[in-house]
4 protein chains.
Amino acid sequence: MPKIVDHDQYRKELLMKCFDLFAEKGYASITMREIAKGLGVSTGTLYHYFPSKKDLFWQLFEEQTQQDNQAIAAALGNAETLEERIEGIFAFHGKHEDYFHKQILLAVDFYQQQEREEVINNETLKQMCEESRQFTAELLGIKDPALVNFGICLLMGLLLLRLFEGEVVPFEQQAQLLGKMLTLYLEQQKIQEGT
Amino acid sequence: MPKIVDHDQYRKELLMKCFDLFAEKGYASITMREIAKGLGVSTGTLYHYFPSKKDLFWQLFEEQTQQDNQAIAAALGNAETLEERIEGIFAFHGKHEDYFHKQILLAVDFYQQQEREEVINNETLKQMCEESRQFTAELLGIKDPALVNFGICLLMGLLLLRLFEGEVVPFEQQAQLLGKMLTLYLEQQKIQEGT
Amino acid sequence: MPKIVDHDQYRKELLMKCFDLFAEKGYASITMREIAKGLGVSTGTLYHYFPSKKDLFWQLFEEQTQQDNQAIAAALGNAETLEERIEGIFAFHGKHEDYFHKQILLAVDFYQQQEREEVINNETLKQMCEESRQFTAELLGIKDPALVNFGICLLMGLLLLRLFEGEVVPFEQQAQLLGKMLTLYLEQQKIQEGT
Amino acid sequence: MPKIVDHDQYRKELLMKCFDLFAEKGYASITMREIAKGLGVSTGTLYHYFPSKKDLFWQLFEEQTQQDNQAIAAALGNAETLEERIEGIFAFHGKHEDYFHKQILLAVDFYQQQEREEVINNETLKQMCEESRQFTAELLGIKDPALVNFGICLLMGLLLLRLFEGEVVPFEQQAQLLGKMLTLYLEQQKIQEGT
DNA sequence: TATGAATGAGACTTCATTCAT
DNA sequence: AATGAATGAAGTCTCATTCAT
């Protein structure tokens, strides 16, 4: 094996360690020296692996995005009913809430770093969103994209709310509501279709 | 006699103009010089009205928070049915989407400026959230807090999603879904209570 | 009386009040706003009476210098023997030590504000020093300039030492030493001259 | 491997070079840019070695203080009689008058940088003064502290006088006076003790 | 005459980045 | 590959001074 493998391997290790650092202080507020210190290397070494702060941040964002869905999929058990599956997903986010909060903060930082148009046209982002959507669709066993988005929005909103307000609104409560409503809604749809 | 200026009045005017500036570049990225330029005053004048960048930012956040609900209340027509009211609220947010996106960005910036615990215990924030919740409850004519939160989360999540993905998920669609689901859910609740 | 008299009168009043302000923080550290506040006027008014900070400072220095010897002369009683007179002078400086410390600080600040050569050639300063020397000579009844300077140096040095070290070295002690030494010295001189 | 630089060594070198810079313009008037330029380094480097202007200034003051007595001791020949020793000390100060003038200016600047009480209770200062006093006592071979202070005051006062008035009062003259007076005084003391 | 809002140059300080070792 | 000293542009903030009222 050439050295390149080690280099790349090490780069990724550093990258993963960066996640907390960036999320905790924000892109603009954390300094390269702080990052280097947090990683236990010198600034020189940091720059040896990443050409610039911006680049480091984007690499982090991409890497993070890739690892996300894998993590969720791996962690989710296989529940039976729709309601159980929903509660499973919400519970998972509750369990790893700190991580998802950081994810949101990271994403907003990412957003602030570029021009509006760029964000919306950003391929990495698009792909990530699409994957996430498909993934959720499969998990829930729902096909109507509008309904999938409904669930995703509720979950994202819940995370955002709790980011600011703390534990005021419980995951379980909202999961149960969503479960019941979706079930009711889908039943009625079937009836109407049958008509 | 000094120059006749209503200090406090002028301070608020400057404050309101700051909103876009902060929201567009983010707290840490925009410089006081840029803000001053954007306001059409010198840095000296800026510091005459606000003792520091941080203070300016927090004053902005408070002022903004106060004006928000007023604006929504004023703009909202008086719809009849629950579904109409929901669609009204969503449509309003769609119409002023740019503003609400900035609001979210501002809020996240606000969040990054302080220690975690502080945010959650922050009185201004608590009050703002509470008001917003009560206000939404009244608008919708719903009393169950869990349901109110359900709606709020969906709306916030939708805004967040659209911030990153653009127009992929329409306001109207989600509003209609929420309307139908809530209606179905409430009907069923009545039946069960009746039992 | 024309208004000019009032103007000048007021100017001097302000000037005298400035002494403590300058002495306490130092020329460069105190701001015009602080001075204005300390005087109980606006910055505008301050600039109405003094064209610049530098000018204000120099006017202060000159005014102060003029009032000094008058104050000392007025305050000194008429002692008989040389030793008594010396102790009187030292005691007077001890009593008004705070004032003389400020005087020194002011003088050093004055010194730092200009080029070396200027200070030494400065007429105001020369005159002040000369007056002070003659004045002291008369007070002590000593004619040999070298001896007068001896006393002046001792006193200035004592003030400077106490500025930094506090009450470590007492005025009375040094005054007595000087008194005895001068007396002894003058007696011996007489004897030698008689020879 | 990093650049091989003895951090502490270099820090002290920079420190010593700062002395003239501070003394010539005064603490408040000289800028960090000017200091950096005077040292031949960038402002960044300056801040790499000293966390702030204030800290740089205090470090300078301490370092200077430490080196002073060493310099005097080293420079002083071994004179025999008291009068010779006094003249030696005065001559040394005359030879390095420019340096001692700067020392005084630096000390006064130091004084202006802090609260009054702090200065008098400052440990560094106390120690410096005490050392200086003991050192002078040994040089002169005088034990009575009052007499040592007498000499120190005279010398300090002479330096201060010459700072403002230039060469008006010669070192040699005052040294001779002090020599004679002390000798006379000590002789008389012996006689009185004998009685 | 008196006020204090307004100005903008310039102060101290930080920080992404480079580079000699 | 790794280090951390060095850089200097740029950030926040201050302050002597001006000027409309």
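Just so it is clear: chains get the letters A, B, ... in the order the sequence lines come, proteins before strands, and each one is counted from 1. Please read these numbers as outputs of a predicted model, since none were measured by experiment. When reading the values below, keep in mind they use all heavy atoms of this one structure, side chains included, and skip hydrogens, waters and symmetry mates.
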**Student:** Could you tell me how far apart A/M32 (CE) and E/dT17 (P) are, to the nearest whole angstrom?
**Tutor:** 6 Å
**Student:** Can you find a side chain N or O atom of C/Y47 that sits less than 4.0 Å from OP1 or OP2 on E/dG4?
**Tutor:**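 So the side-chain polar atoms of C/Y47 never come under 4.0 Å of the phosphate oxygens OP1 or OP2 of E/dG4.
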**Student:** So, do B/F164 and A/F110 have ring centers that fall under 6.0 Å from each other?
**Tutor:** no
**Student:** Can you spot which of D/W58, D/Y111, D/F57 makes a ring pair (Phe, Tyr, Trp, His ring centres under 6.0 Å) with D/Y27?
**Tutor:** D/F57
**Student:** Using the closest heavy atom to pick a nucleotide of DNA chain E for each, name whichever of B/T43 or A/R33 lands nearer the 5' end.
**Tutor:** B/T43
**Student:** What is the distance, to the nearest angstrom, from the CD atom on C/E34 to the C1' atom on F/dA16?
**Tutor:** 13 Å
**Student:** Sub-3.5 Å donor-acceptor pair from the side chain of B/T45 to the main-chain atoms of B/H48, do we have one?
**Tutor:**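 No, B/T45 side chain to B/H48 backbone: no donor-acceptor pair under 3.5 Å.
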**Student:** To the nearest angstrom, how far is D/L14 atom CG from F/dA6 atom C1'?
**Tutor:** 12 Å
**Student:** Please determine whether a side-chain nitrogen or oxygen atom of B/T45 lies at a distance below 4.0 Å from atom OP1 or OP2 of E/dA5.
**Tutor:** no
**Student:** What's the NZ-C1' distance between B/K37 and E/dA6, to the nearest Å?
**Tutor:**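 Result: 19 Å.
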**Student:** Tell me the interatomic distance from D/D6, atom CG, to E/dT21, atom P, rounded to whole angstroms.
**Tutor:**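 Value for this atom pair: 16 Å.
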**Student:** Regarding B/Q67 and B/E63, is there a side-chain donor-to-acceptor distance under 3.5 Å anywhere?
**Tutor:** yes
**Student:** Whole angstrom is fine here: how far is it from NZ in B/K53 over to P in E/dT14?
**Tutor:**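 These atoms are roughly 15 Å apart.
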**Student:** Which whole-number value in Å describes the distance from A/L56 CG to E/dA16 P?
**Tutor:** 11 Å
**Student:** Pick base, sugar-phosphate or nothing for C/I30, based on heavy-atom distances below 4.0 Å to the nucleic acid.
**Tutor:** sugar-phosphate
**Student:** Which base sits across from E/dA20 as a Watson-Crick or G-U pair, both distances under 3.5 Å?
**Tutor:**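 Across all strands, the one nucleotide that pairs with E/dA20 is F/dT3.
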**Student:** F/dA2 P sits how many Å from A/Y10 OH, rounded?
**Tutor:**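 One finds 6 Å between P of F/dA2 and OH of A/Y10, rounded.
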**Student:** Below 30° counts as parallel, above 60° as perpendicular, anything between as tilted: where do the rings of C/F19 and C/Y99 land?
**Tutor:**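 Geometry flag for C/Y99 against C/F19: tilted rings.
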**Student:** So which one's nearest nucleotide on DNA chain E is more toward 5', C/Y49 or B/S42?
**Tutor:** C/Y49
**Student:** Return the 5'-most residue of the pair B/T31, D/V41 with respect to DNA chain F, ranking by each residue's nearest nucleotide.
**Tutor:**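 Of the two residues, D/V41 wins.
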**Student:** Which base, if any, makes a Watson-Crick or G-U wobble pair with F/dT12, both distances under 3.5 Å?
**Tutor:** E/dA11
**Student:** Would you mind telling me which residue lines up with the more 5' stretch of DNA chain F, C/P51 or B/K54, judged by nearest nucleotide?
**Tutor:** B/K54
